[in-house]
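Convention: sequence-line order gives letters A, B, ...; per-chain numbering from 1. Just so you know, these numbers use all the heavy atoms, side chains as well, and skip hydrogens, waters and symmetry mates.
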There are 2 protein chains.
Amino acid sequence: MPIHSLDRDVEERLSDRDVRYTRGRRRVVAALHEADGPMSAAELHGKVGADVPLSSLYRTLAVLEETEVVMPHFGARGITRYELAEWLTGHHHHLVCVDCGTVDDINVPPQHEAAVRVLVEKIAAAAAFSPSAHVLEIEGSCSRCR
Amino acid sequence: MPIHSLDRDVEERLSDRDVRYTRGRRRVVAALHEADGPMSAAELHGKVGADVPLSSLYRTLAVLEETEVVMPHFGARGITRYELAEWLTGHHHHLVCVDCGTVDDINVPPQHEAAVRVLVEKIAAAAAFSPSAHVLEIEGSCSRCR
DNA sequence: GTAAGAATGAGAACTACTATCATTATATAT
DNA sequence: ATATATAATGATAGTAGTTCTCATTCTTAC
Ligand SMILES: [Mn+2]
Ligand SMILES: [Mn+2]
Ligand SMILES: [Zn+2]
Ligand SMILES: [Zn+2]
């Protein structure tokens, strides 16, 4: 998705909720748009510039999470990373580096995704659990660590 | 797996690495064995008894993690939960409650597990990534929250 | 038993994150 | 355009979860 259309979508979502889409918030959304996987507060701090205070960054992330513009990811080494919500990016999965913790997005072709969904339904049904979503993460060593 | 055979396996693993299998460590392993999903340090503290200091509990968990008797799980709301490693429990997946964060083990019948593995291989291959493991978590509301 | 090394307990320290509050920016009304 | 109300921000203090330090106690090997 091009940045301007993303920006328009986020703008609309925020204005619907009477939340302002300020310069600081735009910078975070842009940084997440450029990223190729979820980013931690510290990583974002480096990317959007250290002049943005960490407290503001955390608050911005909290606001964007409440408005469902971003989603938290808790999958690696206990640090929270954020990514744009799937209604903005499309559903996808992750490659997680077991050595350094880096998380990269991976797009799954539709037929495989459909197969995953079917499997999840079957597995959940056997436990009388009705799934609202699934998370599939593939672990291995990233190119930097290999 | 019965507790005494689990205990024997852990004992052997630790003695192979010249690490002692002490009373405190046994209590943590037993608590994890009785649990039906990964447990946080706080939850374990409640279960093994508040007389065990938290610092000792954390250290015990660190030792058991280094020796690969337990594995950390980072999937819910940023708190680390521990479970017995899969060489002790068998490979399995998780049902994660999106409301309260509870994580429950779910066993996947072999044919479905095989299908998951095949899918993971295909998806990873498309990204030139060679997977060492996969994590499949099914999200929904647990029985308590429903 | 004694000596050496390992484990433990108490508490300090650290890191990621959250809350507070005074200041600044923005939006709306006039 | 100015005034007023409200929202966002920055600096900083506070909190929760986790790790580190070090003195003491327990185990193991001799
Ligand atoms: Mn992602
Ligand atoms: Mn489990
Ligand atoms: Zn890596
Ligand atoms: Zn629940």
For this session: Would you please confirm or rule out a distance under 4.0 Å between OP1 or OP2 of C:dA10 and any side-chain N or O of B:Ser55?
Result: no
Problem set entry | Pair B:Glu83-B:His33, side-chain donor/acceptor within less than 3.5 Å | no
For this session: Can you tell me the distance, in whole Å, between the CZ atom of B:Arg59 and the C1' atom of C:dA12?
Result: 14 Å
Exercise. Base, sugar-phosphate alone, or nothing: which one does B:Thr80 contact when heavy atoms must sit under 4.0 Å apart?
Worked result: sugar-phosphate
Problem set entry | Residue pair A:Asp104 / A:His94, side-chain donor-acceptor N/O under 3.5 Å | no
Exercise. Is the phosphate of C:dT8, meaning OP1 or OP2, less than 4.0 Å from a side-chain N or O of B:Arg25?
Worked result: yes
Exercise. With the threshold set at 4.0 Å, does a side-chain nitrogen-carboxylate oxygen contact exist between A:Arg81 and A:Glu43?
Worked result: yes
Problem set entry | Interatomic distance where CZ belongs to B:Arg27 and C1' belongs to C:dG9 [whole Å] | 14 Å
Exercise. Whole-Å distance between C:dT8 C1' and B:Leu61 CG?
Worked result: 15 Å
Exercise. C:dA25 phosphate, OP1 or OP2: any side-chain N/O from A:Thr22 under 4.0 angstrom?
Worked result: no
Problem set entry | Under-4.0 Å side-chain N/O to phosphate OP1/OP2 contact, A:Tyr58 with C:dT18 | no
For this session: Using atom CG of A:Leu54 as one end and atom C1' of C:dA16 as the other, report the distance to the nearest whole Å.
Result: 10 Å
Problem set entry | Distance, rounded to the nearest Å, where B:Tyr21 contributes OH and C:dA7 contributes P | 14 Å
Exercise. Does the A:His73 side chain pair with the main chain of A:Thr80, one donor and one acceptor, at a distance under 3.5 Å?
Worked result: no
Exercise. Which of these nucleotides, C:dA7, C:dA25, C:dC17, is closest to any side-chain atom of A:Arg20?
Worked result: C:dA25
Exercise. Relative to each other, are the rings of B:His134 and B:His91 parallel, tilted or perpendicular (30° and 60° limits)?
Worked result: perpendicular
Exercise. Between B:Glu65 and B:Arg59, is there a salt bridge with N-O shorter than 4.0 Å?
Worked result: no
For this session: At the 4.0 Å heavy-atom cut-off to chain A, mark where contacts on DNA chain D begin and end, going 5' to 3'.
Result: D:dT6 to D:dT12
Exercise. Are B:Asn107 and B:His92 close enough that a side-chain donor and a side-chain acceptor fall under 3.5 Å?
Worked result: no
Seminar exercise, completed: Closest of C:dC17, C:dA10, C:dT8 to the A:Ala41 side chain is C:dC17
